[in-house]
Amino acid sequence: MRASPTLTAYGRHYFAPPRTLVSLHRHNSAPLFNLSLFTAFRSPFSRMEVRKIPHPLSLSLSLAINLYSCFLLLIFYFAESTELYSSDSICLETLKLDSIWLEQFQTGNKAMVENLKRFGVTSSKKVAEVMEALDRGLFVPVGSSAYADTPLPIGYNATISAPHMHATCLQLLEDKLQPGMRALDVGSGTGYLTGCFALMVGAEGRVVGVDHIPELVDMSIKNVEKSVAGSLLQKGSLSLHVGDGRKGWEEFAPYDAIHVGAAASEVPQALLDQLKPGGRMVIPVGTYFQELKVIDKSEDGSIKTRTETSVRYVPLTSRDEQTGGF
């Protein structure tokens, strides 16, 4: 039998039958139909290897997978305007024939983190500890599948990112989130990632979250107050503000770490100015085709940029444009 390529993602090999169309869709958002099929996350340009191994799939099953992939591709292209699918990233994916998806619904916060480690999303002990300490269930709408690895709508045409994206960004910024350091979270949403930053830098550090939707800022403050990061909010080392994140938050600049949770057509100069020499920014850049950029500022002020992965985020824009004027 002719060997077929497989995709290594989350540390596992996934069959890719000959000529199988690989689907483009949002970063680990739920498949429309997840009966026994699960779409495995990985960027087409990051940490992937293709190997040839025999596979037992029949021609008919291969055809069915092709049709399913084509259907998903069409659905996610035409669902661009819906809030349900305005999530964080777009990536190359291939179909996996065992259902890891189902077990995510059977687990809590600790098991969610264990799954992220198990599938190779994060290797950082500190990131795992922080995500385990801050219960994601406190930061999502009531009735949502808080611990499934999928983004969730939070209202106002915004989403909370999937856990694997939180883990990815935390690990990219870990060296700049040491105790006593300063961090800025642009597009802080429900406050989850801002709270993670605060736990990492501690009471001696300073974390600022900025969002231009007042209702989300109010929600995020209440969420943080219920969590283990609540004491940091009371002490003032963590604060959440209403503002235009494209302008940063100059009051506590410069920042060792800056995270942007929406895609900019180009990197805002104000954020570059507020990035401390020796600091790092993680920001999605692009319009429809976007890339997660890692920007490092050297001690002499020069900028170095690299691409981490292909992504799909909601746009970094004004409040009126995001909410349609409501």
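Sequential numbering from 1 along the given sequence is applied to the chain's residues.
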*In this structure, are over 12 heavy atoms from other groups packed under 6.0 Å from Lys226 atom NZ?*
yes
*Is it the case that one hydrophobic cluster holds both Leu216 and Val210, taking links as side-chain heavy atoms less than 4.5 Å apart, direct or via other members?*
no
*Measure across Gly205 and Ser237 and return the closest heavy-atom pair with its distance rounded to 0.1 Å.*
O-CB, 3.4 Å
*Heavy-atom pair of closest approach, residues Val314 and Gly261*: CG2-O, 4.5 Å
*Check the pair Leu240 / Ser188 against side chain to side chain contact (heavy atoms under 4.5 Å, CB included), numbers first and verdict last.*
CA-CA 8 Å; Leu240 295 147; Ser188 49; 4.0 Å; yes
*So with a 6.0 Å cut-off around CD of Glu250, is the heavy-atom count from everything else above 12?*
no
_How long is the straight-line distance from CG of Leu152 back to CZ of Arg136, given to the nearest 0.5 Å?_
5.5 Å
*Are any of the side-chain heavy atoms of Arg280 and Asp175 separated by less than 4.5 Å?*
no
*Taking all atoms of both residues into account, what is the closest heavy-atom pair of Thr323 and Asn157, and its distance?*
CA-ND2, 4.2 Å
*How about Asp244 and Ser318: do any of their side-chain heavy atoms sit closer than 4.5 Å?*
no
_side chain to side chain contact (heavy atoms under 4.5 Å, CB included) for Arg206 and Ser239? Distances and angles first, verdict last._
CA-CA 8 Å; Arg206 194 70 169 82; Ser239 60; 3.0 Å; yes
*Using the rule that two of Ile, Leu, Val, Met, Phe, Trp, Tyr join whenever any of their side-chain heavy atoms come within less than 4.5 Å, decide whether Leu134 and Met219 are in one cluster.*
yes
*Look only at the side chain of Asn109 and the backbone of Glu132, and say whether a donor-acceptor pair between them is shorter than 3.5 Å.*
yes
*Is there side-chain contact between Ile303 and Asp296, with heavy atoms separated by less than 4.5 Å?*
no
*asked:* Same cluster or not: Tyr156 versus Val260, using hydrophobic residues (I, L, V, M, F, W, Y) connected whenever any side-chain heavy atoms lie under 4.5 Å apart?
replied: no
_Could you work out, with salt bridge (charged side-chain N to carboxylate O under 4.0 Å, His left out) as the rule, every residue matching Glu225, not counting sequence neighbours?_
none
_Please tell me whether Asp300 and Ser298 have a donor and an acceptor in their side chains that are separated by less than 3.5 angstrom._
yes
*asked:* Less than 4.5 Å apart, side chain to side chain, heavy atoms only: is that true for Glu129 and Leu199?
replied: no
*Answer whether the closest heavy-atom distance between the side chains of Pro268 and Leu316 falls below 4.5 Å.*
yes
*asked:* Does the plane of the ring in His259 sit parallel, tilted or perpendicular to the ring in Phe197? Use 30° and 60° as the thresholds.
replied: perpendicular
_Taking Glu321 first and then Arg319, would you say they form a salt bridge - that is, a charged N and a carboxylate O separated by under 4.0 Å?_
no
*Quick one: closest heavy-atom pair of Ala148 and Pro163, and the distance?*
O-CD, 3.6 Å
*Is any side-chain heavy atom of Tyr313 closer than 4.5 Å to a side-chain heavy atom of Met165?*
yes
*Value rounded to 0.5 Å, distance of CD1 in Ile221 from OG1 in Thr190*: 12.5 Å
*Distance-only polar pair, side chains of Lys117 and Ser123, donor-acceptor under 3.5 Å*: no
*Search all heavy atoms of Pro254 against all heavy atoms of Leu275 and return the closest pair with its distance.*
CB-C, 4.4 Å
*Any side-chain donor-acceptor pair under 3.5 Å between Thr317 and Gln322?*
no
_Taking Gly189's backbone N and O only, do any of them form a donor-acceptor pair with Asp211's side chain (distance below 3.5 Å, no angle check)?_
yes
*Can you tell me how far CD1 of Ile283 sits from CD of Gln290, rounded to the nearest 0.5 angstrom?*
10.5 Å
*Short side-chain to backbone donor-acceptor contact, Ser144 and Ala146, under 3.5 Å*: no
*What distance do His164 atom NE2 and Phe119 atom CZ have between them, rounded to the nearest 0.5 Å?*
12.5 Å
*Is a side-chain donor or acceptor of Lys297 paired with a backbone partner of Gly279 at a separation under 3.5 angstrom?*
no
_Gap between atom CZ of Arg246 and atom NE2 of His212 - 0.5 Å precision_ = 8.0 Å
*Regarding Arg182 and the six-membered ring of Tyr255, is the cationic atom NZ or CZ under 6.0 Å from the ring centre and inside 45° of its axis?*
no
*Hey, quick one: are Leu184 and Ile213 part of the same hydrophobic cluster, counting side-chain heavy atoms closer than 4.5 Å, chains of contacts allowed?*
no
*Can you find a heavy atom in the side chain of Leu292 that is under 4.5 Å from one in the side chain of Thr307?*
no
*When you look at Met200 and Glu174, which way does the side chain to side chain contact (heavy atoms under 4.5 Å, CB included) test go after all the steps?*
CA-CA 8 Å; Met200 294 185 78; Glu174 182 177 7; 3.9 Å; yes
*Parallel, tilted or perpendicular: rings of Tyr192 and Phe139 (30°, 60°)*: perpendicular
_Rounded to the nearest 0.5 Å, what separates atom CG in Asp149 from atom NE2 in His166?_
10.5 Å
*Step by step, would you call Thr122 with Gln171 a side-chain hydrogen bond (donor to acceptor under 3.5 Å, both in side chains)?*
CA-CA 7 Å; Thr122 181; Gln171 187 156 307; 2.5 Å; yes
_Nearest atoms (heavy-atom pairs only) where Leu170 meets Met131_ = CD1-CG, 3.8 Å
*For Gln178, does its backbone N or O pair with a side-chain atom of Lys126 as donor and acceptor, under 3.5 Å?*
no
_Do Val186 and Ile160 land in one hydrophobic cluster if side-chain heavy atoms of ILVMFWY residues count as linked below 4.5 Å?_
no
*So, are Asp256 and Lys276 salt-bridged, with charged N and O less than 4.0 Å apart?*
yes
*Got Val285 and Val267 here, is their nearest side-chain heavy-atom distance under 4.5 Å?*
yes
*Tell me, with the steps shown, if Lys293 and Glu291 meet side chain to side chain contact (heavy atoms under 4.5 Å, CB included).*
CA-CA 6 Å; Lys293 299 291 186 180; Glu291 295 177 322; 2.9 Å; yes
